[in-house]
Amino acid sequence: MTDFTPRPDDHFTFGLWTFGNPGRDPFGEAVRPAPTLDSIERWLGVLAEAGAYGVNLHDNDLVPFGAASAERDRIVARFRRALETSGLRVPMATTNLFSHPVFKDGAFTSADARVRAFALDKCMRGIELGVELGAEVYVFWGGREGAEVNAAKDPRDGIARYRQCIDYLCAFCRDRGYDLRFALEAKPNEPRGDIFLPTTGAMLAFIETLADPAMVGVNPEVAHEQMAGLDTSHAVAQALDAGKLFHIDLNGQKPGRFDQDLRFGSEDIKGAFFLVKLLEDARWQGMRHFDAHAYRTEDERGVRDFAVGCMRTYNILRHKARRFAEDAEIQQLLAELAPAEPALEEAMQAYSSASAERLGAVACALDVDAIGARGLGYERLDQLVMELLMGVR
Ligand code: GLT
Ligand code: MN
Ligand code: MN
């Protein structure tokens, strides 16, 4: 029997806001107690014992908004002691730029310079906190960076202001000598009617317009790409191809819903499988972070079940990805899809008038009707994958 027990070298991480989620929704009050320093400390022990590698946080998940610096230092010192006791790390940190009413019309994209200045200052303090805790990645999720009323702002101004703020913070890190990489997280809508730069693909294009694009990558989230009706593994593949996958938010989502942040793999198991397969095939070195929370029906024990479930599902799917690679029938079908054509491959390597001539000579002799009539066996291939996932193969 294969062992799917999570271990620290699997690099699983959870946000303080994920296991600490009290289950509030737009129609109902919290169903679990709000996190306190005591409960955070207890949870670090629970997660370490369950095999997690680390925890990530927003500034205000740990230090309350507006706390005086002595209070901040006291909280951080206690948290650091709890990290040492549990052995957990903090690989990623981020800023809450969405809860306080000051951010109701955006933080970086607000038309009001006072709001942008406050947001920048808050980020610099958040970055200091992240660096102090050992974070190597800093995430930006611009949940309020959008609009309901298009008359209120030209979206080009929003994007230009966003760029100015990210450039500013990159320069801050360089000035301080921080070895930190930024990861931008896209979401199409919610809480705003529409959010600027709504997909990972949009973020990737935006990054190339920054002053220091090398420092900035993306943090795709399963639920967010699905909300936009997209295939998450395709967005992640594009980020990998660009060398820009700096972080990832794993969770589950039903199509056509609000952002559900469900336990990883609890919905769309095939989509989750191909995402895990992609990350593992690419030998991606980043953290497997779960940005999800337990159902509102759960108590503390259910939250632990949720966390263990995320990690076990990832390990099971990683095992299935290995089985996929070793499955002779699946591999045979895949091989048949790409018949060996070394002369054509060579001719297509790079254009030259000579290679185009060689390519043309073969191309005009091809039996395109026969190629077009050939069945590709995808029904069988997909069914084999389904049977692998359903555990009968
Ligand atoms: C918030 C959001 C997430 C982001 C987090 C980081 S906060 O929970 O829904 O998708 O990743 O800011
Ligand atoms: Mn997220
Ligand atoms: Mn989400």
Side-chain angles (χ1 to χ4, degrees), residues 13-26 30 34-35 54-63 65 90-100 103 106-108 119 122-123 126-127 129-130 135 137-146 162 165-166 169 182-192 195 197-200 203 217-230 232 235-236 239 245-268 271-272 275 286-296 306 310:
T13 61
F14 292 86
L16 295 191
W17 70 95
T18 63
F19 56 85
N21 184 293
R24 197 176 293 110
D25 73 15
V55 291
N56 302 320
L57 50 90
H58 298 88
D59 49 356
N60 303 139
D61 294 341
L62 186 64
V63 181
F65 186 96
V90 177
M92 178 273 261
T94 181
T95 327
N96 183 325
L97 295 175
F98 43 88
S99 292
H100 193 281
F103 300 127
F108 294 165
K122 193 172 193 293
C123 285
I127 288 171
L129 172 65
V137 174
Y138 204 83
V139 162
F140 292 89
W141 173 64
R144 298 278 175 201
E145 315 292 7
Y162 212 137
C165 288
I166 298 292
L169 294 169
F182 289 176
L184 309 185
E185 178 177 346
K187 187 174 180 181
N189 60 271
E190 193 201 2
R192 298 313 297 269
I195 297 178
L197 303 168
T199 62
T200 294
M203 285 298 184
V218 289
N219 178 37
E221 175 172 316
V222 173
H224 298 179
E225 297 300 315
Q226 284 202 5
M227 286 170 72
L230 301 174
T232 307
V236 172
L245 188 67
F246 289 4
H247 200 261
I248 194 161
D249 280 3
L250 300 168
N251 56 20
Q253 172 77 18
K254 288 194 189 212
R257 308 291 206 283
F258 60 94
D259 186 30
Q260 294 178 300
D261 295 335
L262 300 170
R263 190 179 76 256
F264 178 60
S266 59
E267 299 293 335
D268 186 16
L275 179 56
M287 297 294 127
R288 273 62 175 167
H289 171 71
F290 299 106
D291 185 10
H293 48 75
Y295 302 126
R296 204 162 171 268
F306 144 83
C310 286

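Both ligands and their constituent atoms are indexed starting at 1 by order of listing.
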Margin query: For F14 and F290, I'd like to know if the aromatic rings sit close, meaning centre-to-centre distance below 6.0 Å.
Written below: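 Under 6.0 Å, so yes.
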
When rounded to the nearest 0.5 angstrom, what distance separates [atom1] in [X] from [atom2] in [Y]?
X	Y	atom1	atom2	answer
Q226	D259	CD	CG	10.5 Å
L250	E221	CG	CD	9.0 Å
D59	N96	CG	CG	6.0 Å
N21	F306	CG	CZ	8.5 Å

Note to self: Looking at R24, I want to see if its CZ is surrounded by more than 12 non-hydrogen atoms of other residues, nucleotides or ligands under 6.0 Å.
What the structure shows: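 At most 12 heavy atoms, drawn from other residues, nucleotides or ligands, come within 6.0 Å of this atom.
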
[atom] - nearest protein heavy atom and its distance:
atom	answer
atom 3 (C) of ligand 1	D291 OD2, 2.9 Å
atom 9 (O) of ligand 1	D259 OD2, 3.8 Å
atom 11 (O) of ligand 1	E185 OE1, 2.6 Å
atom 5 (C) of ligand 1	H58 NE2, 3.6 Å

Next item on the list: Could you pull out the atom name of the N/O/S atom in D261 that is nearest the Mn ion (ligand 3)?
Entry: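 Atom name returned: OD1.
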
Check: Counting backbone and side chain alike, does E185 bring an N/O/S atom below 2.8 Å of the Mn ion (ligand 2)?
Finding: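 True for E185.
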
Notebook entry, point to check: Which pair of heavy atoms, one from P191 and one from G143, lies closest together, and at what distance?
Noted result: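 That closest heavy-atom pairing would be CD-O, 3.4 Å.
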
Notebook entry, point to check: What about E221: any of its N or O atoms under 3.5 Å from an N or O on ligand 1?
Noted result: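 N/O-N/O distance below 3.5 Å exists for this pair.
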
Margin query: Check whether R144 reaches the backbone of G142 with its side chain - one donor and one acceptor, N or O, closer than 3.5 Å.
Written below: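 No, the answer is negative, given that no donor and acceptor are paired below the 3.5 Å cut-off.
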
Next item on the list: Write the atom name of the N, O or S atom in E221 that is nearest the Mn ion (ligand 2).
Entry: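 Per the distance ranking, E221 contributes OE1 as its closest N/O/S atom to the Mn ion (ligand 2).
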
Note to self: Quick check for you: with the Mn ion (ligand 3) as the vertex, what angle do OD2 of D259 and NE2 of H224 span, to 10°?
What the structure shows: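 Result: 90°, to 10°.
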
Notebook entry, point to check: If you count the atoms of ligand 1 from 1 in the order shown, which ones are under 4.0 Å from a heavy atom of D249?
Noted result: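 Reading through ligand 1 atom by atom, the close ones are 11 (O).
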
Item checked: Per-atom contacts, ligand 1 versus H224 - under 4.0 Å to a heavy atom ->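 Per the distance check, 10 (O).
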
Next item on the list: State, to the nearest 10 degrees, the angle whose vertex is the Mn ion (ligand 2) and whose arms point to OD2 of D249 and OD2 of D291.
Entry: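 Seen from the Mn ion (ligand 2), OD2 and OD2 are separated by roughly 90°.
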
